[in-house]
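Single-structure report; data block below.
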Amino acid sequence: IAGIMQHVEEAGIHSGDSACVLPPHALGDEMLGAIREQTIGIARELGVVGLLNVQFAIHGEDGLHVIEANPRASRTVPFVSKAIGMPLAKLACRILLGERIADLSLPRDMTPSHVCVKEAVLPFDRFAGADSLLGPEMRSTGEVMGIAKDFPAAFAKAQAAAGMKLPTSGTVFITVADGDKPAATGIATLLHDLGFEIIATRGTAQALGRMGIPAKEINKIGEGSPHVVDWIERGAVNLVINTPVGTGARTDGYEIRSAAVARGIPCVTTIAGGMAAARAISAARRGEPEVISLQEIHAHTTGVH
């Protein structure tokens, strides 16, 4: 097994649009063992020769479900190859032509000691009025890679490479669906501790206030100016965290996300992405990230070009 990648966003976001982490940043050894066991079983039952891409979903602590199994390469093969320092496409071709895995002298464990994050490059800033909300339809037009010693720093590098450089200070606007409010308090706590001013619409501000997190309450669009879009358009917001309540061109969320994209303000539309962003900001505050080349990382391997 060349690599196990964990999506940052929860299931429901297309894998091509989701940030992915290798090795997984929030899975225990027991679950990783189950994933390996199921993958090997699927490969053997299907009689796969060459590459196999399997997508799993984890529900609760023990619910491991197979979404799909594709006996082919995928767009993540170049990413995984760079992450582990092994030319997977070349190795797969050798196997397809008759060589055995046992003859390739592969290491038993290919898990890298560093952390690699793949982030999607999204085209929203090129289309006026485009909604940056992620969903099951793939919208990305490219991918970037961030490498560091830990997940927060690697995630911050990937965000910067994708054109969404996260702020290290300023004002964050948070408005989330009712079901996301408990989790949003964790994000707000971390950002508040980092010195960010937090503004929010009434429901979110009240939820944060009940947890002792100060948040300035501002109007929804329908409540009149000055409302949240006014704040965004005059450059008074440095980061937007908005999970959807409804969809369509007339919802507040759509207007907020469109205004953020138009101003080049980072806009996060999932709770998992929001927490990853907050942790990345914390890592960025510790100083400039270390720059290291793939050649230096994989100096001990051969065949990497």
Side-chain angles (χ1 to χ4, degrees), residues 1-10 13 15 17-33 35-36 56 58 61 76 78-86 107 109-121 143-170 172 183-196 238-239 241 266 268-301 304:
I1 293 178
I4 300 175
M5 300 169 56
Q6 181 180 354
H7 289 198
V8 171
E9 290 80 10
E10 294 183 343
I13 306 299
S15 60
D17 289 349
S18 176
C20 294
V21 189
L22 191 160
H25 66 297
L27 296 178
D29 291 340
E30 187 174 344
M31 180 56 71
L32 292 175
I35 290 171
R36 290 188 178 93
F56 293 95
I58 299 172
E61 295 184 2
T76 53
F79 169 78
V80 178
S81 295
K82 290 179 174 66
I84 67 173
M86 303 293 291
D109 185 3
M110 296 190 187
T111 305
S113 58
H114 49 278
V115 177
C116 299
V117 173
K118 181 219 82 174
E119 181 57 284
V121 176
E143 295 176 341
V144 296
M145 181 175 183
I147 305 174
K149 294 178 180 178
D150 55 46
F151 168 66
F155 186 82
K157 280 186 173 184
Q159 296 307 303
M164 194 176 83
K165 186 172 177 59
L166 296 169
T168 54
S169 62
V172 56
T185 59
I187 301 171
T189 299
L190 180 51
L191 292 172
H192 172 67
D193 291 345
L194 290 170
F196 280 82
N238 304 99
L239 173 66
I241 298 174
V268 181
T269 61
T270 65
I271 286 294
M275 180 54 74
R279 292 173 62 189
I281 290 169
S282 178
R285 292 276 287 271
R286 295 197 292 266
E288 286 295 317
E290 179 185 15
V291 177
I292 184 170
S293 69
L294 287 174
Q295 289 83 352
E296 292 173 282
I297 291 173
H298 302 308
H300 62 286
T301 63
V304 181

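The basis for the numbers below is simple: all heavy atoms, side chains too, and nothing from hydrogens, waters or symmetry mates.
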Do side-chain atoms of T76 reach the backbone of F79 as a donor and acceptor pair under 3.5 angstrom?
-> no
CD1 (I147) and OG (S293) are apart, to the nearest 0.5 Å, by 9.0 Å
Supply the atom-to-atom distance D150 CG to R279 CZ, rounded to the nearest 0.5 angstrom.
-> 8.5 Å
Minimum heavy-atom distance between P23 and V115, given as atom pair plus value | CD-CA, 4.2 Å
Atom OG of S113 and atom CD1 of I297: how far apart are they, to the nearest 0.5 Å?
-> 8.5 Å
Tell me, do F155 and H25 make a side-chain contact under 4.5 Å, heavy atoms counted?
-> no
Examine distances only and state if a side-chain atom of K118 and a backbone atom of A158 form a donor-acceptor pair shorter than 3.5 Å.
-> no
Drop me the distance from E119's CD to C20's SG, to the nearest 0.5 angstrom.
-> 9.0 Å
With no hydrogens and no angle check, is any side-chain donor or acceptor of Q6 less than 3.5 Å from a backbone partner on A26?
-> yes
Determine the minimum heavy-atom distance between G170 and N238, stating which atoms define it.
-> CA-OD1, 3.2 Å
Test item: R36 side-chain N/O and I1 main-chain N/O as donor-acceptor pair under 3.5 Å | no
How long is the span from the SG atom in C116 to the CG atom in L294, to the nearest 0.5 Å?
-> 8.0 Å
Heavy-atom closest pair, residues A162 and A120 = CB-O, 3.9 Å
Minimum heavy-atom distance G274-I241, with the two atoms named | CA-CD1, 4.5 Å
Less than 4.5 Å apart, any side-chain heavy atom of V80 and any of M5?
-> yes
With a 4.5 Å heavy-atom cut-off, do I281 and L239 have their side chains touching?
-> yes
Considering all heavy atoms of both residues, which atom of P112 and which atom of I84 are nearest to each other, and what is their separation?
-> CD-CG2, 4.2 Å
Distance from I4 atom CD1 to T111 atom OG1, nearest 0.5 Å?
-> 7.0 Å
State, with a plain yes or no, whether a side-chain heavy atom of V172 is found less than 4.5 Å away from one of I187.
-> no
Flag side-chain contact, heavy atom, 4.5 Å: V8 against F151 | yes
If you look at every heavy atom in G273 and V268, which pair is closest and at what distance?
-> C-CG1, 3.4 Å
After noting the C-alpha distance and the side-chain angles of H298 and H114, does the key distance pass the side-chain contact (heavy atoms from CB on, under 4.5 Å) rule?
-> CA-CA 11 Å; H298 302 308; H114 49 278; 3.9 Å; yes
Do side-chain atoms of E9 reach the backbone of A272 as a donor and acceptor pair under 3.5 angstrom?
-> no
